Amino acid sequence: MADPQVDVVEGCRLPVLRKNQENEDEWPLAEILSVKELTGRKLYYVHYIDFNKRLDEWVTPERLDLKKLQFPKKEAKTPTKNGLPGSRPSSPERDPVRKSLDNSLQTATAPSRGKTVPTPKRKAESVSLATQVPPATPVPSLPGSTETTQASVFPAARDTNTFTQKSNTRDDHEQLTSLTTNGTARRLIPSQPGRKRKANCVGTDEIIKVFQYNNPRCASVYLPPGEDSQDSSDGIPSAPRMTGSLVSDRSHDDIVTRMKNIDCIELGRHRLKPWYFSPYPQELTTLPILYLCEFCLKYLKSLKCLQRHLTKCNLRHPPGNEIYRKGTISFFEIDGRKNKTYSQNLCLLAKCFLDHKTLYYDTDPFLFYVMTEYDSKGFHIVGYFSKEKESTEDYNVACILTLPPYQRRGYGKLLIEFSYELSKVEGKTGTPEKPLSDLGLLSYRSYWSQTILEILMDLKSDNGERPQITINEISEITSVKKEDVISTLQYLNLINYYKGQYILTLSEDIVEGHERAMQKRHLRIDPKCLHFTPKDWSKRGKW
């Protein structure tokens with residue numbers, strides 16, 4: 001459908017032919033990010049609008065529908081946060097959400113005089129970082145919306161087991177923050193004196209009595225105060241904070257970093273197709289295959305170089321201490337200062353599959369926990385997560401990744417479970433850095449839901465009375481942060497408000513769905529196999 005008379009340039013938008021999951025043809029709208037000529041033929045690098053960037057690809061002219069071509073608007077280059085001109089081409093209808101956020105920020109801070117003063121963008125771009133969810137991995141919306149029913153998480157309820165809750169009123173005007181399914185934060189404002197409280201505005205010092213009509217299984221839940229240092233002074237919910245140690249602020253985004261630069265990576269017996277840009281050396285980006293040593297992660301330009309390297313590389317497992325082993329699964333703790341080269345190579349590999357984190361060559365402030373699978377040849381990397389040695393915001397995970405060959409096999413949830421086991425040993429509650437990617441959010445939502453439901457369903461009554469449990473107690477048992485516990489209960493649509501009391505509803509379908517999910521979850525962390533001694537990094541002069 002390409003017309004040789006029409007010159008398609010960077011920034012143009014038009015429908016592009018691609019195959020969907022059912023192998024059917026579809027024509028989603030795409031933006032041209034780059035054009036190159038190969039053996040006398042033009043190729044176009046396209047980003048499918050409203051699709052995840054990992055689906056971006058080079059396409060031939062035959063796949064372009066030039067009848068609906070939209071040329072980029074001619075306007076001045078958009079200044080970036082540093083006042084320098086941006087390098088991305090302007091295109092029609094670019095990021096309306098981002099524009100509206102910028103406009104609202106400027107309106108709120110504009111002076112009363114007629115002169116407009118430019119205001120800093122309080123990382124407004126970061127709000128939409130995790131909103132691109134591909135159709136292949138749909139994320140259910142929060143049950144707080146009017147369009148969502150319980151069927152979005154589990155099948156329709158048949159027999160309902162109702163938990164009631166008594167309320168110990170106490171003046172508390174702190175706002176709760178709930179993580180939404182797109183990785184941003186939602187504000188939940190508790191009731192003011194004299195105002196009727198709503199179901200999803202659960203107070204933090206509320207005792208929820210949980211009981212069932214047909215089943216002796218019951219519990220009482222106490223909701224602790226939400227702590228949110230991000231509340232604006234005038235009571236207007238502010239933008240979610242994006243101050244994680246590895247969060248990308250997108251101020252450096254340009255055409256180069258928006259495009260995949262590595263075609264293929266060979267890692268041991270696997271060949272991986274990267275999803276995103278990773279800052280490997282420029283001379284390696286033109287190679288058809290980038291070779292990595294699967295033990296030290298050193299990158300090499302050819303198979304011959306790799307074979308020569310393997311004769312000299314003595315590693316058969318990641319450097320660092322093995323702190324967990326059960327069966328063929330092991331975890332190694334790696335200090336980013338002591339093993340800097342390995343840590344940097346690990347970050348380069350991980351950046352190929354993580355879009356929401358920025359890469360730091362200074363790995364000193366981080367610890368890396370690498371999960372491996374053992375066979376006769378050695379310990380093969382499956383995935384990893386990193387965490388700050390000192391986190392002021394209770395983060396127990398900075399980056400987390402399961403390599404594509406091992407995805408959808410339970411390893412991601414095992415990494416998450418291990419991160420919380422470390423938090424239990426440290427005696428802390430933890431939460432992952434935001435924003436989460438679409439796949440990361442799905443994994444964390446699933447883990448939180450299964451962990452909390454496991455506790456609620458195991459509660460037993462004492463002396464015929466319904467057992468009571470507080471949100472703080474759930475948080476202490478699981479090491480999941482209180483805000484994540486509350487947002488998960490709301491996500492599962494378990495909290496309701498009835499006759500002045502808070503009610504937790506566990507339907508039969510939720511119980512059966514949870515039991516089915518737990519039967520499939522064969523990989524679990526055994527705390528007895530963990531040999532880990534936490535260090536107090538704040539007392540160490542140098543890491």
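The model shown is predicted, which means the values in this text are computed figures rather than measured ones.
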Got a sec, which residues hit salt bridge (Lys or Arg N to Asp or Glu O under 4.0 Å) with [X], two or more places apart in sequence or on another chain?
X      : value
Glu333 : none
Glu421 : Lys424
Arg271 : Glu266
Lys340 : Asp364

Side chain to side chain donor-acceptor pair (under 3.5 Å) against Glu57, all qualifying residues, sequence neighbours excluded: Tyr48, Arg63
Sorted by chain and residue number, the side chain to side chain donor-acceptor pair (under 3.5 Å) partners of Lys413 (sequence neighbours excluded) come out as Ser446
With distance as the sole test, does [X] use its side chain to make a donor-acceptor pair with the main-chain N or O of [Y] at under 3.5 Å?
X      : Y      : result
Ser419 : Ile416 : yes
Thr429 : Ser479 : no
Asn20  : Asn23  : yes
Lys434 : Pro432 : yes
Lys482 : Ser475 : no
Ser391 : Glu388 : no
Lys351 : Leu354 : yes

Side-chain contact test, heavy atoms from C-beta onward, threshold under 4.5 Å: evaluate it for Tyr406 versus His270 and give yes or no. yes
Under the salt bridge (charged side-chain N to carboxylate O under 4.0 Å, His left out) definition, can you give me all pairs with a residue in residues 367-378, not counting sequence neighbours?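 Residue pairs with at least one partner in residues 367-378: Arg269-Asp375.
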Kindly state each residue pair satisfying side chain to side chain donor-acceptor pair (under 3.5 Å) with at least one member in residues 308-321, sequence neighbours excluded. none
[X]: what forms a ring-ring contact (aromatic ring centres under 6.0 Å, His included) with it, not counting sequence neighbours?
X      : result
Tyr291 : none
Tyr369 : Phe385
Phe368 : none
Tyr280 : Tyr299

Exactly one of Ile400, Leu439, Thr488 should register a side chain to side chain contact (heavy atoms under 4.5 Å, CB included) with Tyr444. Which one does? Ile400
Ser423 and Asn396: side-chain donor and acceptor closer than 3.5 Å? yes
